[in-house]
Every structure is written in structure tokens, then in C-alpha cells.
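Step one of this worksheet: look at the structure below.
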2 protein chains.
Amino acid sequence: MGIVERKERQRKEVRDSILHAAWQIVHDDGWQTLSIRKIADAIEYSVPVVYDHFENKEAILSEFNRQGFKLLGDRLKEAKDKHPKAAIQLEAIAIAYWDFAFGNKEYYQLMYGLGMPTCESLNSVPELSAFIGVIYSTIEELIKEGNNKTAEPWLKVHSFWSMIHGLVSINLLSTQPAHLGLTPDEFNKTILKDFTKGFLKGLAE
Amino acid sequence: MGIVERKERQRKEVRDSILHAAWQIVHDDGWQTLSIRKIADAIEYSVPVVYDHFENKEAILSEFNRQGFKLLGDRLKEAKDKHPKAAIQLEAIAIAYWDFAFGNKEYYQLMYGLGMPTCESLNSVPELSAFIGVIYSTIEELIKEGNNKTAEPWLKVHSFWSMIHGLVSINLLSTQPAHLGLTPDEFNKTILKDFTKGFLKGLAE
DNA sequence: TACCTTTACTAACGCTGTTAGGAAAAAATA
DNA sequence: TATTTTTTCCTAACAGCGTTAGTAAAGGTA
């Protein structure tokens with residue numbers, strides 16, 4: 001008699017409906033508004049039932065976190081496998097990464113812990129343009145000095161800023177283990193200098 | 001008679017004490033635990049007093065957001081002004097940026113909206129290493145093909161990943177305006193390709 | 001039918017941001 | 001100085017949150 005099987009099946013159905021409802025809420029109103037009570041309401045069960053399937057709210061988020069990285073990995077692999085040469089593969093990976101992030105903002109935000117309280121900002125902070133200005137003026141100067149006069153300063157500024165911010169934020173989210181016998185700080189400053197070197201070469205042509 | 005002046009001074013004192021208390025809480029236990037009640041408790045006033053000085057919690061965070069960008073801008077300017085040549089200035093800026101971020105984690109996290117619910121992770125997600133693997137294998141292949149055999153794949157992987165993530169997350173936080181007559185998407189994909197090109201050059205030596 | 005296990009509920013605890021309304025203190029006026 | 005007005009500040013509440021203890025009902029077993 002398949003009683004236990006049916007029970008297991010029903011259990012899984014409820015679990016899936018929790019994830020489905022959660023995703024709907026996140027999709028509609030963002031991670032910040034996701035709550036256990038809303039999920040319970042959506043699946044037409046009481047609150048403690050949710051806790052029979054997930055230890056706590058974080059466990060639900062973890063599930064999506066995993067899904068997100070799985071999906072991203074798959075997309076990168078797909079993009080890579082479309083081309084035979086590694087050089088072209090790398091660009092395809094970059095584009096695929098970009099498309100994933102913007103085609104699945106909810107996933108990406110969760111995966112990298114984006115989306116804190118004051119996130120509307122960035123645009124509305126006057127101090128931001130002042131700090132960008134420091135980078136801008138330096139790069140402007142470099143273009144003036146170099147041979148690559150057609151280089152677009154804004155483009156280069158964004159590239160430079162992005163690189164550093166990416167490096168920083170990845171390291172702020174997870175404490176990297178030691179690589180190559182270097183401390184994480186040494187390792188990352190090596191990346192920083194390596195990148196700056198390549199960046200300068202791109203400006204000097 | 002300086003009654004209004006004294007009142008204004010006292011008002012400012014309370015306002016400052018709110019910010020001071022808030023900063024202490026954030027420094028001790030992180031942004032996630034900051035609450036109006038805790039602030040009120042720390043300044044030995046009741047909750048509504050806080051609302052006499054800040055419209056809401058976000059206004060307090062905005063204040064620190066501004067401070068953060070101001071401080072970052074100043075640090076970058078300092079670093080820049082220590083050197084005469086733009087090329088060296090740029091590296092100094094990169095290092096100063098890094099040092100600011102890790103010397104002022106609280107500011108940086110707020111400024112870039114880092115620090116969501118499931119942020120312990122990144123390390124504990126098995127799917128992450130799978131997705132990194134796709135990038136790793138491609139770069140490994142490129143090093144094998146190129147002339148720069150001593151290039152460190154891990155270093156390059158982190159550099160590549162950081163660049164894309166930085167670009168993505170900055171664009172997810174704020175919708176960039178159109179630059180150079182390109183849509184933001186076009187603009188950023190140009191950066192992406194430009195960066196990939198330079199990156200490849202660095203691998204080929 | 002009597003028993004036991006599973007399932008799902010109500011109700012609570014201690015938090016959160018935010019605000020309405022009233023008491024007390026300070027200042028201004030008479 | 002006494003009275004009135006204004007400012008200051010607090011208590012208490014609303015509505016929401018994650019989480020859990022304790023209980024009633026339903027399902028399966030003997």
C-alpha cells in the first residue's frame with residue numbers, strides 16, 4: 001500500500017508550493033517584503049506548517065541561493081560550449097554572466113547579498129560624483145598623455161570602478177581562503193596591481 | 001538673548017547623539033541590528049524624539065551613506081595628490097579604495113547595499129565552485145595556449161569575476177543614465193568587451 | 001472501537017518601524 | 001508674579017515581523 005509514498009508526495013507538494021509562493025512574492029515585491037506569514041497565507045496553511053518544511057526563513061533563501069548559482073553555472077557552461085576557441089569562450093561567458101544577472105535580478109540580488117535598506121540611492125548622493133570625479137580626472141590625464149586619444153573616459157572610469165568594487169564586495173561577502181601562500185589581502189592587492197597594469201596598457205595603446 | 005541659539009545648539013546635540021549612538025550600534029553589531037528603539041535607549045530619550053530629528057530610519061542611513069562617499073572621495077583625493085604622474089596616481093587610487101573599503105567595512109556595506117539575509121554563504125554554496133569552474137577551465141586553457149605561462153589562473157579568475165560582478169552590481173543598484181548615445185545595456189557590454197580584450201592581451205603577454 | 005501518531009491550528013513572545021494623543025516643562029505674555 | 005501659549009517629551013498603541021509552545025483534530029493501526 002502506497003500510503004507512505006502518498007504522504008511523501010503530498011509533503012513534497014507542500015514544500016514546492018512554499019517555494020513557489022515565496023518566489024511569486026519576491027518576484028512581485030522584492031526580497032525585503034518576503035515573510036513567512038505571507039507565504040503561509042499564499043499556500044493556505046498556517047504559519048507553523050512552513051516551519052515543518054524549512055528550519056527558518058534563511059533556509060528558504062538558501063534554497064534560492066543554490067538554485068541561482070546552479071542556473072548561473074549552467075548558463076555559463078552553455079555559452080562556453082557554443083564556441084571552440086577559449087578566447088571567444090571567455091567573452092561569451094562574460095556576456096552570459098551579464099545577461100543572467102539582468103534577466104534574473106531577483107536571483108542575482110540574493111546571491112550577492114544586494115539590496116539593503118538605502119539602495120534607491122547611488123544616483124541621489126551628490127558625494128558620489130565627487131568621488132567619481134577623482135578617478136575621472138586621473139583617467140582623463142592618462143588619455144591625454146597616451147597614444148590612444150580616442151579612448152572614452154567614462155567607459156574607462158566605469159571599468160576601473162567596477163573592477164575594484166567587484167573585488168571588494170566579493171571579499172566583503174566571503175572571507176577568501178589563502179591562495180598561493182599569500183594572505184587574502186596580499187592576493188587581492190596583487191590582482192589590483194595586475195589589473196591596473198593591464199588597464200594602463202589599454203590606455204597607452 | 002541667545003535662547004533660540006541655545007535651543008538650536010541643544011537640538012543639534014541630540015541629533016549628533018543619535019548619529020553617534022547609531023554608529024556605535026552598527027559598529028558593534030552590524031546594520032541589520034540597528035533599530036530606532038536601540039538608538040532611543042542609548043541616547044536616553046523616548047522613541048518619538050528620534051523622529052523629531054530624522055523623518056524615518058532610512059534618513060539616518062542616508063546620512064551615513066553621504067558621510068561614506070564623502071570620506072571615500074577624500075581618501076582617493078589624498079592618495080592621488082601624493083604622486084605627480086597619473087599612471088602612479090591610478091594605482092594609488094586603487095589601493096586607497098581597497099584600504100577604505102576594508103578599513104571602513106560598515107560604511108562600504110551601507111554605501112553599496114551589501115549585507116542581505118543570507119550573506120554568510122558564498123563560501124558554503126557548492127554550486128558556486130561549479131560555476132567558478134567554468135571560468136577557471138577557460139582561463140586555464142588560455143594560459144596553456146598563450147605565451148605567458150607563468151600567469152596564475154586563480155588570480156586571473158578572481159580578476160575576471162570581480163570585474164563582471166562589479167559592473168553588474170553597480171548597475172543593479174542604480175539605473176545608469178545613457179552615455180555617449182548608447183543605452184546603458186550597450187554601454188556596459190562595450191565595457192565588458194573592452195575589458196575582455198584587455199584581459200586576453202594580459203594572458204597572451 | 002480504542003489507541004497512537006501525524007498533521008495543522010491557535011495563540012503567544014519579543015521584536016520591528018511608525019504615529020496619535022496627552023502630560024509636563026519652558027517660554028512668552030499680561 | 002500669574003496666566004496663557006508654545007515647545008518638548010512620553011506613554012501607549014497599531015500593524016507587522018520570525019519563531020515556538022501547547023492543543024485539537026484527523027489518519028492509520030491494533
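For the numbers below, each heavy atom of this structure counts, side chains included, while hydrogens, waters and symmetry mates do not. Letters A, B, ... mirror the listed sequences (proteins, then strands); counts begin at 1.
Using bins of under 30°, 30° to 60° and over 60° for the plane-to-plane angle, the ring pair A:Phe195/B:Phe195 lands in the tilted bin.
A:Asp185 and A:Lys189 are joined by a salt bridge, as a carboxylate oxygen and a charged side-chain nitrogen come within less than 4.0 angstrom of each other. A salt bridge does not link A:Lys80 to B:Glu141: none of the charged nitrogens lies less than 4.0 Å from a carboxylate oxygen. Taking the charged nitrogens against the carboxylate oxygens, A:Arg37 and A:Asp41 have no contact shorter than 4.0 Å, which rules out a salt bridge. A salt bridge between B:Asp52 and B:Arg11 is absent, with no side-chain N of the basic residue lying under 4.0 Å from a carboxylate O of the acidic one.
For B:Ile18 and C:dG17, the CD1 to P distance is 13 Å, given to the nearest whole Å. Atom CD in A:Gln32 sits about 15 Å away from atom C1' in D:dG18, given to the nearest Å. What separates CD1 of A:Ile60 from C1' of D:dT19 is a distance of 12 Å, to the nearest Å. Going from atom CD1 of A:Ile43 over to atom C1' of C:dC9 covers 13 Å, rounded to whole Å. Between the CG atom of A:Leu34 and the P atom of C:dT16 there is a distance of 20 Å, rounded to whole Å. Rounded to an integer number of Å, the gap from A:Asp41 CG to D:dG16 P is 11 Å. Taking atom CD on A:Gln10 and atom P on C:dT7, their separation rounds to 9 Å, with Å as the unit. Here D:dA15 presents its P atom at 20 Å from CD1 of B:Ile36, a figure rounded to the nearest Å.
Regarding contacts with the backbone of C:dA26, every side-chain N or O of B:Arg6 stays at 4.0 angstrom or more from both OP1 and OP2. Contact between the side-chain N/O atoms of A:Ser35 and the OP1/OP2 oxygens of D:dC17 is found at a separation under 4.0 Å.
Expressed to the nearest 0.5 Å, how far OH of A:Tyr108 lies from CH2 of A:Trp98 amounts to 9.5 Å.
In this structure, the nucleotide among D:dT20, D:dC9, C:dG17 sitting nearest to the side chain of A:Pro48 is D:dT20. Picking from D:dT7, D:dT19, C:dT19 the nucleotide with the shortest atom distance to the side chain of B:Lys7 gives D:dT7.
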Self-check item: Full working for side chain to side chain contact (heavy atoms under 4.5 Å, CB included) between A:Ile93 and B:Thr196
Solution: CA-CA 10 Å; A:Ile93 288 173; B:Thr196 309; over 6 Å; no

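Residues from residues 49-57 of chain A with heavy atoms under 4.0 angstrom of DNA chain C, sorted by number: A:Val49.
Contact annotation: side chain of B:Arg37 to base of C:dG17, donor-acceptor pair present below 3.5 Å.
Residues B:Arg11 and A:Val47 both approach DNA chain D. Their nearest nucleotides, taken by heavy-atom distance, put B:Arg11 toward the 5′ side.
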